[in-house]
Structure formats: C-alpha cells, structure tokens
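In what follows, a single structure is set out as structure tokens and then discussed.
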Amino acid sequence: MKQLFKYMNEPRDIFSDGFIRLSQPAVLNDPFEASFCEDSLEELAGHFDYPTAQDPEFGDLSFSQYIEMRMHNIGVICFSENKENLLMWAHYANEHNGLAIGIVSIPGNGSIFHNLFRSDALINSSWGEVYSPFDGIPKPVSYRKGLRYRNDKFDYDYSNISVEGADRILYEVFMRKSDEWIYEQEHRVVLRLEQSDRVVLECIDLIPNERVRDRVSSAEWSFIDPNSGRAVIDLMGIQDDVERVSLSMHLAKLSRNPNVVYLMKLSSSSINNCLFGLRSDLEKKNVIGGYASSTGYLDVWKARKNQDYYSLELQEI
C-alpha cells in the first residue's frame, strides 16, 4: 500500500463528489514539462521495428513530432510522499491555510479512480488496455539533470514498444523532471484528457463546432447556466463509448485555454485522509459525511508547530 498526499488551497469537490483536477500542460508551473532531447529520441527510434507513430489526425509522424502534437492532450495529477514538507504547504496549500488530501494506492487494485475510462482502441496508440500506460495508477517521478532521453535513452526496456505504441514515449516525458524538484517526492497519474470524467467550460461557446455545441446544450449529461453560459459536461454519463470519445476529443482540443477544467472522479475508498494546514480555518464537519467518507474510513488531522524543531506535527481530530 502506498500512501500519497495532494496539497490543495481548498477542498473543492473532492470530499463531496470525489472530483479532482486533471491538469493540462497550460496550467502546470514548470515550463520544462514534457521537455526531451529530440536528437536522442530520434536515435532511439531508429532501433525500433516501427520508428514512426501513426496518428489518426496527423498521419505518419516521428516520435518527437507526435509528442509535440499530442502533449497538450495529456493531463497529470500530482501527489507527494511527504505530508509534512514546509515548502509544499507554503507553495501548494495557500501558505498553510489549505489542506492535503490523503490518497491510498494499493498495488494490484488498479486505478485510484471510480471508473476509469479506457477504450484504448479508440483513443490510444497501444494494442489494447494491457499495454497502455494511461492506467490511472500513481507512479514515482524520475529526477535528472539532463532532458529526457539525453543520457538514458537505452536504460529502459523498449522490447514492447511496437504494441505499446507512441503513447509509451508520450507518457514517459511527463514522468521526468529536473532534480531541483526532488524535494517534492512526487508521484503522478498521467492520463489522456480524453479520459476525463467531467469538463467545465467558462462558456459553452468555447466549443467551435456548432453541431457538437448543440448536442452538449441539449444533453441530459450536461448543465448549461442560462445566464453565464458556463457548461458542466459529465462525460461519465454518456453510455455510448464512441459518442463519449468523439466529444472528449473535441473538448481536449480546448486544453491550451487554462480556464478549461478537466476533472477525474476518485474512488471513494482511495480517499482515506484529510490534513488541515497550520493556519487553516476548516473543520472536520466540512469534509465528513459526503462522498469521500461513504466507504471505508476518512481520518482527519490538524497540523501543529513542533516546539523544538522547524517541523510540523499532525494531531487527529
């Protein structure tokens, strides 16, 4: 069992409904996200049986072209092994006014999500679900000084690359960061934005395709605010996989807009802890009684100052 923590400014919808943001590159704080050494990747690709990627929209691409074209269709959810890191509380939890969510990942139990949408034959380049890296399981980030593939291009087993497809390469570049971030002790879930369970648009008119916009406006799985035009689209309510994929592909193309929010629904049993920051005004009643505590258990803690060291203590409440 792996215990991980998500630092947040506020609870949002995690405890009431289980939704957590799947962050696209446009909202990530590291400008080097998905950076890689193009020359080294092309050298590596020369050793594959099929050194190019077949993309349904752009056709035959090199692996580096595939990353550049598809990196904005990727979202990440970041967790930390450390629940007491002072910098993390300051940077990601509103200067200790926020909270941290405890997530448990159990090896062999699959994803941490309620019902992870796969449909790999429709949205991924891999030959089926078993080969796709977008499995909803948190995995540790690798920290290095050099760009991805610069020095380590042959240090990994690529014997299955033909069946794993170009998405294996696309996935890997989001699992590498500069070693200056090592203090975060980060684990990540990396998914396709097309796997989102819910998408929130500040205005329905952001969807450029009129036919798609009309379908969303009239569907039972979406809510459109009549005054502002704000749209909440529950993709998980679409029963037909083909329709869901078609719509999610349209919505994924909006990812360069940082105001477009992609959400995933966590399994209620994977949410097992809530940690209030040192300066937080939140109370236990703010998080107990909703979706997160509907199965299993939810322990609630409050951070305190250690009286002898520059460190935090957590007291159960």
Side-chain angles (χ1 to χ4, degrees), residues 1-16 18-21 23 27-33 76-107 109 112 137-145 174-190 266-317:
M1 183 177 77
K2 191 69 176 178
Q3 181 69 60
L4 301 171
F5 301 92
K6 175 70 173 178
Y7 291 87
M8 302 181 67
N9 290 340
E10 55 187 8
R12 301 193 187 105
D13 297 325
I14 284 188
F15 296 103
S16 59
F19 285 102
I20 189 170
R21 185 167 190 175
S23 298
V27 300
L28 298 176
N29 63 355
D30 182 1
F32 289 93
E33 289 286 357
V76 302
I77 305 174
C78 307
F79 302 98
S80 174
E81 292 183 25
N82 194 331
K83 62 180 181 293
E84 299 165 357
N85 188 288
L86 299 183
L87 288 177
M88 297 288 283
W89 278 105
H91 295 163
Y92 299 113
N94 191 22
E95 299 176 356
H96 295 261
N97 289 289
L99 70 161
I101 314 301
I103 302 292
V104 62
S105 176
I106 302 175
N109 277 22
I112 60 174
I137 300 173
K139 300 180 181 70
V141 167
S142 295
Y143 298 98
R144 298 287 188 276
K145 290 189 180 296
F174 281 94
M175 293 300 294
R176 166 65 55 81
K177 298 188 72 172
S178 163
D179 62 0
E180 293 192 25
W181 296 93
I182 198 169
Y183 73 93
E184 292 188 344
Q185 297 177 261
E186 185 177 345
H187 290 238
R188 281 186 168 185
V189 173
V190 179
L266 291 162
S267 165
S268 58
S269 59
S270 70
I271 309 169
N272 69 342
N273 278 280
C274 174
L275 287 58
F276 295 142
L278 186 68
R279 299 170 175 166
S280 175
D281 294 327
L282 291 168
E283 299 178 6
K284 188 173 183 177
K285 64 181 180 181
N286 299 129
V287 298
I288 291 293
Y291 174 80
S293 54
S294 61
T295 61
Y297 62 92
L298 179 65
D299 293 335
V300 182
W301 307 76
K302 173 69 174 179
R304 314 279 186 192
K305 278 185 180 180
N306 185 292
Q307 298 302 309
D308 300 307
Y309 299 95
Y310 292 112
S311 64
L312 296 174
E313 296 176 346
L314 290 161
Q315 179 181 351
E316 189 167 7
I317 57 176

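Every value quoted in this text rests on a predicted model; they were computed, and no experiment measured them.
Counting all heavy atoms, side chain and backbone alike, Ser293 lies closest to Ile288 at OG-C, 4.0 Å. Minimum heavy-atom separation, Phe276 to Lys284: CE1-N, 3.8 Å. Considering all non-hydrogen atoms of both residues, Tyr183 and Met88 come closest at CE1-SD, 4.0 Å. Of all non-hydrogen atoms in Tyr143 and Asp179, the two that sit nearest each other are CB-CA, 3.8 Å. In plain terms, the two heavy atoms of Pro11 and Leu99 that are nearest each other are N-CD2, 3.6 Å. A pairwise comparison of heavy atoms in Glu84 and Tyr7 identifies N-OH, 3.6 Å as the closest pair.
At least one side-chain heavy atom of Glu81 sits under 4.5 Å from a side-chain heavy atom of Lys2. Within the 4.5 Å cutoff, the side chain of Val189 has heavy atoms near those of the Phe79 side chain. You'll find the side chain of Leu87 reaches within 4.5 Å of the side chain of Asn85, heavy atoms only. In this structure, the side chains of Arg144 and Arg176 come closer than 4.5 Å at one or more pairs of heavy atoms.
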Which pairs would a plain distance check flag for residues 307-317, meaning a side-chain donor or acceptor within less than 3.5 Å of a matching protein atom at least two apart in sequence or in another chain?
unit_1, atom_1, unit_2, atom_2, d
Gln307, NE2, Lys305, O, 3.3
Glu313, OE2, Asn306, ND2, 2.9
Gln315, OE1, Arg304, NE, 3.2

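In this structure, CH2 in Trp181 is found 9.0 Å from CD in Glu186, a value given to the nearest 0.5 Å. Summarising the geometry, atom NZ belonging to Lys285 is positioned 4.5 Å from atom CD belonging to Glu283; distances are rounded to the nearest 0.5 Å. Here the NE2 atom belonging to His187 is positioned 5.5 Å from the CG atom belonging to Leu4, to the nearest 0.5 angstrom. In this structure, CG on Leu298 lies 12.0 Å from OG on Ser269, to the nearest 0.5 angstrom. Separating the CD1 atom in Ile271 from the OH atom in Tyr291 is a distance of 6.5 Å, to the nearest 0.5 Å. Atom CZ of Phe32 and atom CD of Glu180 lie 9.0 Å apart (nearest 0.5 Å).
Arg188 contributes no side-chain N or O that, together with a main-chain N or O of Met175, makes up a donor-acceptor pair within less than 3.5 Å. Between the side chain of Asn9 and the main chain of Gly98, no donor-acceptor pair closer than 3.5 Å is present. Proximity of a side-chain donor or acceptor of Asn94 to a complementary backbone N or O of Asn97 within less than 3.5 Å is not detected. The closest donor-acceptor contact from the side chain of Trp89 to the backbone of Ala100 lies at 3.5 Å or more, if one exists at all. Using modelled atom types, one side-chain atom of Lys6 and one backbone atom of Cys78 make a donor-acceptor pair closer than 3.5 Å.
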Derivation and outcome, side-chain contact (heavy atoms from CB on, under 4.5 Å), residues Ile103 and Ile112: CA-CA 8 Å; Ile103 302 292; Ile112 60 174; 4.1 Å; yes
Chi angles and distances behind the side-chain contact (heavy atoms from CB on, under 4.5 Å) call for Phe5, Leu275: CA-CA 9 Å; Phe5 301 92; Leu275 287 58; 4.2 Å; yes
Intermediate values then yes/no, side-chain contact (heavy atoms from CB on, under 4.5 Å), Ile77 and Arg21: CA-CA 7 Å; Ile77 305 174; Arg21 185 167 190 175; over 6 Å; no
Pair Val287-Cys274, side-chain contact (heavy atoms from CB on, under 4.5 Å): steps then yes or no: CA-CA 8 Å; Val287 298; Cys274 174; 4.0 Å; yes
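Side-chain atoms of Tyr92 and Asn29 form a donor-acceptor pair, as typed in the model, at a separation below 3.5 Å.
With sequence neighbours left out, the side-chain hydrogen bond (donor to acceptor under 3.5 Å, both in side chains) criterion links Asn273 to Trp301.
Salt-bridge annotation for Lys177 and Glu184: present, with a side-chain N of the basic residue lying under 4.0 Å from a carboxylate O of the acidic one.
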